[in-house]
Amino acid sequence: SAFSFNGQDSFVRMHRPVKDDFTIMFEFRTLSSAGQPGCQWFGGCGLVDAEAGSVTASVGRRQHADDDFGVSIASGHVMFGIGKPDTTITTQGRYNDGLWHHVVAKRHRASGSFQLIVDGAPQGTKVGNTNSLEASLFLDMGRIQRGKNYFRGDLRRVFVFDRILQEEQNLTAVETGADRQEDEPMSLA
């Protein structure tokens with residue numbers, strides 16, 4: 001089963017289970033072209049988001065950055081970003097074709113590096129801050145947390161791990177629906 005989001009007011013909220021090292025995995029599908037490409041992740045439609053909800057100067061810039069993060073989609077481009085300073089990886093390809101796509105977003109606190117993988121293909125690695133990303137208490141699915149940029153489409157098989165999974169663990173988790181090597185992940189769909 002999957003969560004279906006209407007792009008207007010539907011979303012799922014949970015307490016943010018990670019702040020340092022993490023891997024977030026999920027599958028999504030959409031036909032929507034909403035969101036603003038070429039900006040930071042919070043300008044897209046939220047897929048899995050822990051943006052702190054600071055006052056915004058515009059969709060693409062904030063007056064101040066926070067220790068936050070999120071994964072979104074804008075005009076079909078998947079984006080994964082970290083705040084303070086705002087730094088975002090954006091896919092070159094578009095993924096709003098109505099097919100299921102698998103996303104992996106990883107963050108390593110000690111180095112500040114974070115990586116985005118879509119359908120098994122690395123989309124980029126960047127370096128952000130090395131702070132704990134705890135500005136937000138919540139993790140929202142289906143929107144950017146400040147109550148804007150709602151996602152229209154479906155999410156399923158959402159997993160949040162408090163560590164960085166290696167490539168073979170990503171595949172195992174996708175194939176079995178869980179990572180059995182350590183603690184159990186939080187499955188939301």
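Rounding to the nearest 0.5 Å places CG of D86 at 10.5 Å from SG of C39. Interatomic distance, OG of S10 versus CE of M141, reported as 12.0 Å (0.5 Å rounding). From E134, atom CD reaches atom CG of D20 across 7.5 Å, with rounding to the nearest 0.5 Å. Atoms CZ and CD, from R156 and E27 in turn, are 4.5 Å apart once rounded to the nearest 0.5 Å.
Scanning all heavy atoms of the two residues, the minimum distance from S136 to Q145 falls at OG-OE1, 2.5 Å. Here the closest heavy-atom approach between residue V71 and residue V103 is recorded as CG1-CG1, 4.3 Å. The two atoms that bring R107 and N129 nearest to each other are NH2-O, 3.0 Å, heavy atoms only. The shortest non-hydrogen separation linking T91 to H77 is O-ND1, 2.9 Å. Taking each heavy atom of R29 and G98 in turn, the nearest pair found is CD-O, 3.8 Å. Shortest non-hydrogen contact noted between F80 and K106 is CE2-O, 3.4 Å.
Side-chain contact check for K84 versus D66: every heavy-atom pair is 4.5 Å or farther apart. Counting only heavy atoms from C-beta outward, the side chains of K126 and S113 never approach each other to under 4.5 Å. Between I73 and C45, the closest side-chain pair of non-hydrogen atoms falls below 4.5 Å.
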May I have the step-by-step check of side-chain contact (heavy atoms from CB on, under 4.5 Å) for D68 and L133, ending in yes or no?
CA-CA 5 Å; D68 53 5; L133 303 179; 5.9 Å; no

Are T23 and F159 close enough, and set up right, to give a side-chain contact (heavy atoms from CB on, under 4.5 Å), and what steps lead you there?
CA-CA 8 Å; T23 301; F159 297 98; over 6 Å; no

Pair V78-L116, side-chain contact (heavy atoms from CB on, under 4.5 Å): steps then yes or no:
CA-CA 9 Å; V78 179; L116 177 62; 4.1 Å; yes

Test F11 against F3 for side-chain contact (heavy atoms from CB on, under 4.5 Å), laying out the working first.
CA-CA 9 Å; F11 70 99; F3 289 112; over 6 Å; no

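You'll find the ring centres of F22 and F69 inside the 6.0 Å limit. You'll find the ring centres of F5 and Y150 outside the 6.0 Å limit.
Both V12 and M14 are part of a single hydrophobic cluster, where members link through side-chain heavy atoms under 4.5 Å apart.
A 6.0 Å sphere centred on CZ of R16 holds more than 12 heavy atoms belonging to other residues, nucleotides or ligands.
Considering V160, V104, V158 as possible partners of F26, the one that fulfils the side-chain contact (heavy atoms from CB on, under 4.5 Å) test is V158.
Within the 3.5 Å criterion, the main-chain N or O of N96 finds no donor-acceptor partner in the side chain of T30. Between the T130 side chain and the R109 main chain, no donor and acceptor come within less than 3.5 Å of each other. The main-chain N or O of G44 is found under 3.5 Å from a side-chain atom of N149 such that the two form a donor-acceptor pair. Side-chain atoms of H108 do not come within 3.5 Å of backbone N or O of D21 as any donor-acceptor pair. Of the possible polar contacts, one joining the S72 side chain to the W41 backbone as a donor-acceptor pair under 3.5 Å is found. A donor-acceptor pair is defined here as one N or O able to donate and one able to accept, closer than 3.5 Å; such a pair exists between the side chain of D49 and the backbone of E51. Side-chain atoms of R146 come within 3.5 Å of backbone atoms of F42 as a donor-acceptor pair (strictly under, hydrogens ignored). Looking only at distances, no side-chain donor or acceptor of D154 sits under 3.5 Å from a matching main-chain atom of A2. With H102 contributing its side chain and D119 its backbone, the two residues share no donor-acceptor pair below 3.5 Å. Not one N or O on the side chain of D97 forms a donor-acceptor pair closer than 3.5 Å with the backbone of L31.
Under the 30°/60° scheme for interplanar angles, the aromatic rings of H101 and Y95 are found to stand perpendicular. Between F138 and H15, the two ring planes are tilted [angle within 30° to 60°].
Ionic pairing of D140 and R13 is present here: one or more N-O contacts between side-chain nitrogen and carboxylate oxygen are shorter than 4.0 angstrom.
A side-chain donor from one of Q40 and T88 sits under 3.5 Å from a side-chain acceptor of the other.
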